[in-house]
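Structure, as structure tokens:
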There are 2 protein chains.
Amino acid sequence: MALSDRKKQILKAVVDDYVQTAEPVGSRAVVARLKTNVSSATVRNEMADLERMGYLEQPHTSAGRVPSHLGYRLYVDELMNQYSVVPTEIDQFVSTLSLRMGELDRLITEAGRMVSELTNHPAIAVSPTMEEEAVRRFEVIQVDAETVVLVLVTTSDIIKNRICHLTFPLSDLEVTAANRALNAHFTNIPLEDLTDERITAAECGAGADITELLVAAIDFASDVLNTVMRRDIYLEGASQILKYPEFHDPGKAMALLDCLSDRNALSLLPVPDDKNPVQIRIGSENGTAPLDNASIIMTSFHTARGAKGLLGVVGPTRMDYAKVAARLCHFAEELNHLLNHDTRR
Amino acid sequence: MALSDRKKQILKAVVDDYVQTAEPVGSRAVVARLKTNVSSATVRNEMADLERMGYLEQPHTSAGRVPSHLGYRLYVDELMNQYSVVPTEIDQFVSTLSLRMGELDRLITEAGRMVSELTNHPAIAVSPTMEEEAVRRFEVIQVDAETVVLVLVTTSDIIKNRICHLTFPLSDLEVTAANRALNAHFTNIPLEDLTDERITAAECGAGADITELLVAAIDFASDVLNTVMRRDIYLEGASQILKYPEFHDPGKAMALLDCLSDRNALSLLPVPDDKNPVQIRIGSENGTAPLDNASIIMTSFHTARGAKGLLGVVGPTRMDYAKVAARLCHFAEELNHLLNHDTRR
DNA sequence: GGTTAGCACTCGAACTTCCTGAGTGCTAAA
DNA sequence: TTTAGCACTCAGGAAGTTCGAGTGCTAACC
């Protein structure tokens, strides 16, 4: 049973009005917002229909109507305006971020921070990962006799390092040997194959006593792969949620923030795919109590190596979906540009 | 004019009670908390004195008393109990953090996260820096023909890296030359001396066309030094503030969080020194409106190279100073241990 | 002198009651 | 099918009331 065009217009008007005012919308307000010359009584009848169909709700008899989750869903899927993004915001986003290129972790949190600032919502950022990650390149850098820095580059171009104090001084030769051994035996193999036997094997081939260094390096590598493959999730601009009257109740606000600050919050997020590059999850669709009055919009971005990260926002169900989704899309796009073309700076 | 011992005991009782209940404290509650057998009337007289002296305040005539900032100050300086920290908490702190050693940035935020969790307050963490920072060591690592990773270690052992795509392929020889040139000409000189003239000079000595690489490296170095010398400030567990009734008003909570999320929040923080390794700033002592009802406790930690970072918490003025300060001290101490002894893992 | 019992007084918090007005649903006419 | 009209509902605010925790003061007491 399809909705008449007028019903859709009325639903759209209700959502638009409610998003702006946060107050239940009455029939007169809808009339004021619509161009057509129908009376409020007509609108009332239509609204009663929409309520019966599940698109609107009434907080109490003598109040106006509020969109239901179903109403928002229809709005998001069919009705909402295209929103154009102000270029200055994009500029701001790009110029702030281009200062942080090269430090991937920081870039992600910084992107979250900007998104939060520019959308006025708390932002969620998830660091990019690939399904299978391995070490692509090892490097041992000697800082002083007993100190080295271990650097490794992963398959998806993430670079990590660790400073490492040894109990024995190392010669140049040993450093070179370690370098060769590490790159020969421990690159391009998956995490689970970084075993002790391999270390022994590598060591035999090296012809120098560098066990300590090798062990440290492999230890480091497995830490890194563990960390990298465990996607990190960042919540930025949490306090923004307090701007919205639906979260003025500190209990609700805390429940929301706590559940998103959790390291396992990832499982709560909708993940965009090729068919839906922007995922919108509304209220109870989130499937967990603290998020019942919240909506989440997520997009993805990817690094040059194809690792996929996520970027999104949380807000009240009464969220300006059009505006926020549009911005988010643009930001993700710009992030892709930054990550893929302009790698030097 | 010094306070009598009994007055001090009464003040202490008021603070202790108020910290626990968040309700103005009446004379009877004080009597119940004191061991001495004085009547509530006596306590009332003393409390009236304490109010006249500025240590207590009365929200309204028919209510109990609340400590003033001055009262908290005296409490903190002279009266509060020594608090002993539960070892399990320290264990938790240490074991979580030891997983993150070697990534300094992450370590700091993670430390903040733990502090916030274990104290139930939002935590502030400031990344360590030295007054003067320079590059101690450069390394150019070739990933493929046109791609290198630049790694540098700063004076205070911070390690940063950047991946760098060049327009020309590089030979092994050129990489070695660049390495040598960078370490010969650009280590141990302060940020402001990383000038173009030096690049030209270095290049002449190198005997190979590696300008592009050198420029990129120096560019990177100055970025890093800029970033590193600009102390970064992290606010973790922001939502904790909502636990406290004094910040149930979303406006106040937001004002507080916004002012601390700001990148320039550093100037608002008390900085511990040798004489006061734990700085406590109470309410209006903070000198800015959004922090009038908040107190800040800060301690410092330092890296092996002596760079000093900060770790602290924010809370309502009605904060359990004894408990929080004690924990914070222990955490900072453990962080020092981790950073200075146990660098390998 | 300091300490205490007793008492009148104060005033916020919580609970009523009342009123207002926005908004509804329904009916009957256009 | 639309509209005007009207009776009805009910949240939210204003005004009034009560309740009780807590005070300051006085006068007696040690």
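Below, read A as the first sequence line, B as the second, and so on, with proteins coming before strands; counting in each chain starts at 1.
Contact between the side-chain N/O atoms of B:Arg44 and the OP1/OP2 oxygens of D:dA21 is not found at any separation under 4.0 Å. Residue A:Thr42 places no side-chain N or O under 4.0 Å from the OP1 or OP2 atom of D:dT1. Distances shorter than 4.0 Å separate some side-chain N or O of A:Ser39 from OP1 or OP2 on D:dT3. Dashed line: the shortest gap from a side-chain N or O of A:Thr61 to OP1 or OP2 of C:dT24 is not under 4.0 Å. Contact between the side-chain N/O atoms of B:Arg65 and the OP1/OP2 oxygens of D:dT23 is found at a separation under 4.0 Å.
Residue A:Ile10 holds its CD1 atom at 9.5 Å from CG of A:Asn45, rounded to the nearest 0.5 Å.
Residues A:Ala29 and A:Arg52 each lie close to DNA chain C; by heavy-atom proximity, the contact nearer the 5' end of the strand is made by A:Ala29. Closest-nucleotide positions on DNA chain D for B:Ala41 and A:Ser62 were compared, and the one nearer the 5' end corresponds to A:Ser62. Between A:Ala63 and B:Pro59, it is B:Pro59 whose nearest contact on DNA chain C lies nearer the 5' terminus.
Among the heavy atoms of the strands, none lies under 4.0 Å from B:Ser40.
Looking at B:Asn286, its side chain does come within 3.5 Å of a backbone N or O of B:Ala294 through a donor-acceptor pair. At least one donor-acceptor pair under 3.5 Å links the side chain of B:Thr299 to the backbone N or O of B:Leu311. Judged by distance alone, with hydrogens and angles left aside, the side-chain atoms of A:Ser4 form a donor-acceptor pair with the main-chain N or O of A:Lys7 at under 3.5 Å. Between the side chain of A:Arg318 and the main chain of A:Val66, no donor-acceptor pair closer than 3.5 Å is present.
When the C1' atom of C:dT3 is taken as reference, atom CD1 of B:Ile10 falls 13 Å away, rounded to whole Å. Following rounding to the nearest Å, B:Arg28 (CZ) and C:dG6 (P) show an atom-to-atom distance of 13 Å. Rounded to whole Å, atom P of C:dT3 lies 16 Å from atom CE of B:Met47. If you measure from atom NZ of A:Lys7 to atom P of D:dT1, you get 10 Å, rounded to the nearest angstrom. Whole-Å rounding puts the B:Glu23 CD to D:dA21 P distance at 12 Å. Rounded to whole angstrom, the span from the CD atom of B:Glu46 across to the P atom of D:dC25 amounts to 15 Å. Taking atom CG on A:Asn37 and atom P on D:dT2, their separation rounds to 13 Å, with Å as the unit. A:His60 places its NE2 atom 9 Å from the C1' atom of D:dG12, with the value rounded to the nearest Å.
Nearest to the side chain of A:Gln58, among C:dG25, D:dT3, C:dG12, sits C:dG25.
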